Amino acid sequence: MPNPLPDSIDAVAEGLQAQAYLPSRELATAAFLALRLARPLLLEGAPGTGKTAIAAALAAALQRPLIRLQCYEGLDLAAAAYEWNYARQMLEIRLAQAHERERTADELFARRFLIERPLLQALTTTPAPVLLIDELDRADAPFEAFLLEFLADFQISVPELGAIAAATPPLVVLTSNRSREIHDAVKRRCLYHWVEFPDAARELAIVRTRLPHIEQRLARQVVAFVQGLRALDLYKLPGLAETLDWSRALIELNAVSLDPATVQSTLGVLLKYQDDIVRMQGGEAARLLAELREHARA
């Protein structure tokens, strides 16, 4: 049985924290309102800030199924919502011919021949699931037009069957890395929240929660170093996901604190573009480490 809807912002935050997801107050508020108002929630922000992870955390906290639609260029109705099982329909026609019977269009386009994809699954799954429409900005802009009916009314119109609506609306979480602008018509149907990089205190708390065995000194240094990187003019700033990956890598290397050699050899875990790595190897990393030591002595 799913858990009842939380009755406060604090309850949402506590439920997420129980799943090792530490939201900001603003994000917990947006999630609470999306649940109480039965509205889709659109999350935008830089990659690696926890937009995708909140959908899984909400599903686990509410004890609901999680359905994921990963967007990509060329995504169409057949992959996102439904398609007809043409092979089974042809088999039905041949069986009817073998018994000298005819199949009408109504019989061939019955619900049992409909293959459900993530959007339609979200309307028919019981209990009402959490639907993650991930990286909507990767899909072609015309795909958003198809989403409008779904986001506004939680239903899909199938020409041969009519509208299929959800008995209980799913919780819909849409994410975008803002590689292109999402159309205003989609945004109007959603609650909106921009997911920022966490501040140092919250990022440290997240690292300690997700990696409870990390050395405390190392955790503080990692967070301070990453926070320093985000103040630089890099092509791709490291997100929370990279902070956690780097922390795991350092644990595997039995590191207890940051040193120049370890940082230089592991920059590829933290940074994903060669120009950024070269820049950091050119003295920026040593400067950040020196600042960390000065701050620790102060």
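In this chain, residues are counted from 1 in sequence order. Here the structure is a predicted model, which is why all the values come from computation and not from measurement.
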S.K.: Cation over ring, Arg138 on Tyr72, under 6.0 Å and within 45°?
M.R.: no
S.K.: Does Ser157 use its side chain to pair, donor to acceptor, with the backbone of Gly162 at less than 3.5 Å?
M.R.: no
S.K.: List the atom of Leu234, the atom of Leu229, and the distance in Å for their closest heavy-atom pair.
M.R.: CD1-O, 3.8 Å
S.K.: Give the cluster check for Val226 versus Leu289: same hydrophobic cluster or not, with ILVMFWY residues linked at side-chain heavy-atom distances below 4.5 Å.
M.R.: yes
S.K.: Could you give the distance from CG (Leu43) to CG (Leu27), rounded to the nearest 0.5 Å?
M.R.: 6.0 Å
S.K.: Quick one: pull up CG in Leu42 and CZ in Arg188 and give me the separation to the nearest 0.5 Å.
M.R.: 13.0 Å
S.K.: If I compare all heavy atoms of Ala55 with all of Leu66, which pair ends up nearest, and what's the gap?
M.R.: O-CD1, 4.0 Å
S.K.: Is there any salt bridge (Lys or Arg N to Asp or Glu O under 4.0 Å) pair reaching into residues 13-36, and which pairs are they, with sequence neighbours excluded?
M.R.: Asp10-Arg25
S.K.: A side-chain contact here means heavy atoms from C-beta on lying under 4.5 Å apart; do Arg88 and Arg112 qualify?
M.R.: yes
S.K.: Scan residues 45-66 for pairs that pass salt bridge (Lys or Arg N to Asp or Glu O under 4.0 Å), counting only residues two or more places apart or in two chains.
M.R.: none
S.K.: Between Gln19 (side chain) and Ala59 (backbone), is there a donor-acceptor pair under 3.5 Å?
M.R.: no
S.K.: So Leu240 and Thr49, do their side chains get closer than 4.5 Å, heavy atoms only?
M.R.: no
S.K.: Counting only N and O atoms by type, is there a donor-acceptor contact under 3.5 Å from the side chain of Asp140 to the main-chain atoms of Phe143?
M.R.: no
S.K.: Looking at every heavy atom in both Ala46 and Trp194, which two are closest together, and how far apart are they?
M.R.: N-CZ2, 4.4 Å
S.K.: Got a sec: does the CD of Gln216 have more than 12 other heavy atoms crowding it under 6.0 Å?
M.R.: yes
S.K.: With a 4.5 Å cut-off on side-chain heavy-atom distances among I, L, V, M, F, W and Y, is there a chain of contacts connecting Ile156 to Leu161?
M.R.: yes
S.K.: Has the side chain of Thr262 got a donor or acceptor atom that lies under 3.5 Å from a matching backbone atom of Leu258?
M.R.: no
S.K.: Are the side chains of Leu35 and Pro6 in touch, meaning some heavy atoms are under 4.5 Å apart?
M.R.: yes
S.K.: Compare all side-chain heavy atoms of Arg220 with those of Arg208 and state whether any distance is below 4.5 angstrom.
M.R.: yes
S.K.: Do you reckon Leu58 sits in the same ILVMFWY cluster as Leu5, going by side-chain contacts under 4.5 Å, direct or chained?
M.R.: yes
S.K.: Is a salt bridge present between Arg189 and Glu144, judged by a nitrogen-to-oxygen distance below 4.0 Å?
M.R.: no
S.K.: Transitively linked via ILVMFWY side-chain contacts under 4.5 Å: Val172 with Leu33?
M.R.: no
S.K.: Enter the distance from Leu136:CG to Leu132:CG here, rounded to the nearest 0.5 Å.
M.R.: 11.0 Å
S.K.: Would you check if Glu116 and Thr124 make a side-chain contact, meaning some heavy-atom pair closer than 4.5 Å?
M.R.: yes
S.K.: Report the relative orientation of the aromatic rings in Tyr82 and Trp84; use parallel for angles under 30°, tilted for 30 to 60°, perpendicular for over 60°.
M.R.: perpendicular
S.K.: Would you mind reporting whether Leu119 and Leu147 have side-chain heavy atoms less than 4.5 Å apart?
M.R.: yes
S.K.: Between Ser24 and Glu196, do the side chains contain an N or O donor and an N or O acceptor separated by less than 3.5 Å?
M.R.: no
S.K.: Do the side chain of Asn3 and the main chain of Ala61 share a donor and acceptor less than 3.5 angstrom apart?
M.R.: yes
S.K.: Run the numbers on Ile206 and Tyr21 for side chain to side chain contact (heavy atoms under 4.5 Å, CB included), then give the verdict.
M.R.: CA-CA 7 Å; Ile206 292 170; Tyr21 188 100; over 6 Å; no
S.K.: Between Asp276 (side chain only) and Tyr235 (backbone N and O only), is there a donor and an acceptor less than 3.5 Å apart?
M.R.: yes
S.K.: State whether a side-chain donor-acceptor pair under 3.5 Å links Gln70 with Arg68.
M.R.: yes
S.K.: Which atoms form the tightest heavy-atom contact between Leu232 and Leu237, and what is the distance?
M.R.: O-CD2, 3.6 Å
S.K.: Just how far is it from atom CZ of Phe154 to atom CG of Leu123, taken to the nearest 0.5 Å?
M.R.: 9.0 Å
S.K.: What distance do Leu120 atom CG and Glu83 atom CD have between them, rounded to the nearest 0.5 Å?
M.R.: 11.5 Å
S.K.: What is the minimum heavy-atom distance between Phe197 and Gly239, and which atoms define it?
M.R.: CE2-CA, 3.6 Å
S.K.: I'd like to know if the side chain of Asp259 reaches the main chain of Ala261, judged simply by a donor and an acceptor atom lying under 3.5 Å from each other, with no hydrogens or angles considered.
M.R.: yes
S.K.: Throw together a table of side-chain donor-acceptor distances under 3.5 angstrom for residues 245-255, partners on residues two or more places apart or in other chains.
M.R.:
from, atom 1, to, atom 2, distance (Å)
Asp245, OD1, Arg248, NH1, 3.3
Trp246, NE1, Thr266, OG1, 2.9
Ser247, OG, Thr243, O, 2.8

S.K.: Identify whether the distance between the nearest side-chain nitrogen and carboxylate oxygen of Glu203 and Arg230 falls below 4.0 Å.
M.R.: yes
S.K.: When hydrophobic residues are tied together by side-chain contacts of less than 4.5 Å, even through go-betweens, does Ile164 share a cluster with Ile115?
M.R.: no
S.K.: Sub-3.5 Å donor-acceptor pair from the side chain of Asp137 to the main-chain atoms of Asn177, do we have one?
M.R.: yes
S.K.: Contact between Leu151 and Cys190 at the side-chain level, heavy atoms closer than 4.5 Å - yes or no?
M.R.: yes
S.K.: Closest approach of Ala13 and Ala28, non-hydrogen atoms and distance?
M.R.: CB-CB, 4.2 Å
S.K.: When rounded to the nearest 0.5 angstrom, what distance separates OG in Ser257 from CZ in Arg293?
M.R.: 8.5 Å
S.K.: Please check this pair: side chain of Glu44 against backbone of His193, looking for a donor-acceptor N/O pair closer than 3.5 Å.
M.R.: no
S.K.: Quick one: are Leu148 and His183 in side-chain contact, heavy atoms under 4.5 Å?
M.R.: no
S.K.: Take Arg279 and Asp233 through the side chain to side chain contact (heavy atoms under 4.5 Å, CB included) test and state the conclusion after the steps.
M.R.: CA-CA 10 Å; Arg279 175 178 176 179; Asp233 185 23; 4.0 Å; yes
S.K.: Test side chain to side chain contact (heavy atoms under 4.5 Å, CB included) on Ile214 and Val207; report intermediate values, then the result.
M.R.: CA-CA 8 Å; Ile214 191 172; Val207 170; 4.1 Å; yes
